[in-house]
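Just below is one structure, and these are the notes that go with it.
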Amino acid sequence: MSSIQERAQNFLSVLRHCQHLGLTVEQADENGLIIKLPYSDKIVGNPVTGLIHGGAITTLMDTCCGISTVCYLSSFEICPTLDLRIDYMRPAEPGKPIFGFAECYRVTPTVIFTRGVAYQGDREQPIAHVVGTFMRMGKTGEQGALNGKVDGGAT
């Protein structure tokens, strides 16, 4: 496992809501991040059709864009969401996992700009497009528990 993928997995592992949803890092490198959201009854928005609730997709994509920052920064920084825009293109197919891909396309001293897609099977057939901006707050103190878990893997 690459150090970038390990940092992304460590970051994801401290987010309780992501654990509850079963999100996993499938790939992370300098080109971006892929996170998997498995299908489950917990994320169904319409029990008659089995369609996934849009909030689960929003969580997937906000998390994916936010964690994609570790693919570009040399060390972990807290970067809260400033803005997130999601354009839903079509509903997800029931019974299948959803994948989120995100990449950083511009990094400034104060803001990180990300973009990505949610998809099933083929990234060229997106469920949703996303664009997000994240505020750079700087590195956490060396004593910070979150910093240690993401960059060091434990504390």
Side-chain angles (χ1 to χ4, degrees), residues 1-73 76-105 111-137 145-151 153-155:
M1 180 183 306
S2 75
S3 63
I4 292 174
Q5 186 161 345
E6 185 175 356
R7 287 174 64 210
Q9 185 60 51
N10 290 341
F11 190 178
L12 185 66
S13 74
V14 300
L15 302 174
R16 185 73 178 118
H17 65 290
C18 295
Q19 295 169 4
H20 186 70
L21 290 172
L23 298 181
T24 55
V25 174
E26 297 295 300
Q27 180 182 334
D29 57 31
E30 59 279 347
N31 298 313
L33 172 72
I34 298 173
I35 293 180
K36 177 182 173 182
L37 170 64
Y39 185 87
S40 75
D41 291 338
K42 293 187 269 188
I43 63 171
V44 171
N46 183 335
V48 175
T49 62
L51 291 176
I52 295 171
H53 190 281
I57 297 170
T58 298
T59 299
L60 168 66
M61 296 315 298
D62 184 36
T63 302
C64 195
C65 286
I67 294 178
S68 74
T69 63
V70 305
C71 297
Y72 296 88
L73 299 175
F76 178 72
E77 295 180 29
I78 293 182
C79 299
T81 308
L82 286 173
D83 185 55
L84 189 74
R85 177 191 165 97
I86 300 178
D87 293 322
Y88 289 94
M89 310 306 285
R90 64 179 180 84
E93 293 180 44
K96 296 181 178 179
I98 299 175
F99 297 89
F101 166 77
E103 64 180 349
C104 297
Y105 65 93
V111 178
I112 298 176
F113 298 85
T114 66
R115 62 184 165 216
V117 294
Y119 64 96
Q120 292 174 305
D122 182 3
R123 200 185 299 178
E124 300 300 317
Q125 300 288 322
I127 296 165
H129 286 265
V130 63
V131 176
T133 55
F134 296 82
M135 181 172 56
R136 293 183 73 180
M137 296 182 65
L146 185 57
N147 185 56
K149 288 183 185 221
V150 174
D151 277 340
T155 38

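The basis for the numbers below is simple: all heavy atoms, side chains too, and nothing from hydrogens, waters or symmetry mates.
- Side-chain N or O atoms of Tyr88 include none that pairs as donor or acceptor with a backbone N or O of Ile127 at under 3.5 Å.
- To the nearest 0.5 Å, atom CG of residue Asn10 and atom CG of residue Leu15 are 11.0 Å apart.
- The structure places OG1 of Thr63 at 7.0 Å from CG of Leu12, a figure rounded to the nearest 0.5 Å.
- For His17, the NE2 atom sits in a packed shell: over 12 heavy atoms of surrounding residues, nucleotides or ligands are nearer than 6.0 Å.
- Sparse packing is recorded around NZ of Lys96, with 12 or fewer heavy atoms of other residues, nucleotides or ligands lying under 6.0 Å away.
- With Val117 as the partner, the side-chain contact (heavy atoms from CB on, under 4.5 Å) test is satisfied by one option alone out of Met89, His129, Met61: His129.
- The aromatic rings of Phe113 and Tyr105 sit tilted relative to each other, their planes meeting at an angle between 30° and 60°.
- Taking the six-membered ring where the residue is Trp, the centroids of Phe101 and Tyr119 are separated by 6.0 Å or more.
- For Arg90, the CZ atom is densely surrounded, since the number of other residues' heavy atoms within 6.0 Å is greater than 12.
- With rounding to the nearest 0.5 angstrom, the CD1 atom of Ile4 is 6.0 Å from the SG atom of Cys71.
- For the pair Glu103 and Ser68, the minimum side-chain heavy-atom distance is 4.5 Å or more.
- Separation of atoms CG (Leu84) and OG1 (Thr114) is listed at 7.0 Å; rounding is to 0.5 Å.
- In this structure, the side chain of Glu26 does not engage the main chain of Phe99 through any donor-acceptor pair within 3.5 Å.
- Between Thr59 and Ile43 the shortest side-chain heavy-atom distance does not fall below 4.5 Å.
- In this structure the side chain of Leu73 reaches within 4.5 angstrom of the side chain of Ile112, judged on heavy atoms.
- The backbone N or O of Glu93 sits nowhere less than 3.5 Å from a side-chain atom of Tyr39 that would complete a donor-acceptor pair.
- When all heavy atoms are compared, the tightest approach of Gly50 to Pro94 is O-CB, 3.5 Å.
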Go through it in stages, so that I can follow the logic: the residues are Thr69 and Glu77, the test is side-chain contact (heavy atoms from CB on, under 4.5 Å), and I'd like the CA-CA distance, side-chain angles, deciding distance and then a yes or no. CA-CA 8 Å; Thr69 63; Glu77 295 180 29; over 6 Å; no
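- Note that CD1 of Ile34 is 4.5 Å distant from CZ of Arg123, once rounded to the nearest 0.5 Å.
- No more than 12 heavy atoms of other residues, nucleotides or ligands sit less than 6.0 Å from atom CG of Asp41.
- Closest of all the heavy-atom pairs between Ala92 and Ile98 is CB-CD1, 3.6 Å.
- Atom OG1 in Thr24 sits 12.5 Å away from atom CD in Gln19 (nearest 0.5 Å).
- The two atoms that bring Leu37 and Ala56 nearest to each other are CD2-O, 3.9 Å, heavy atoms only.
- Distance alone, capped at 3.5 Å, places no donor-acceptor pair between the Arg7 side chain and the Ala28 backbone.
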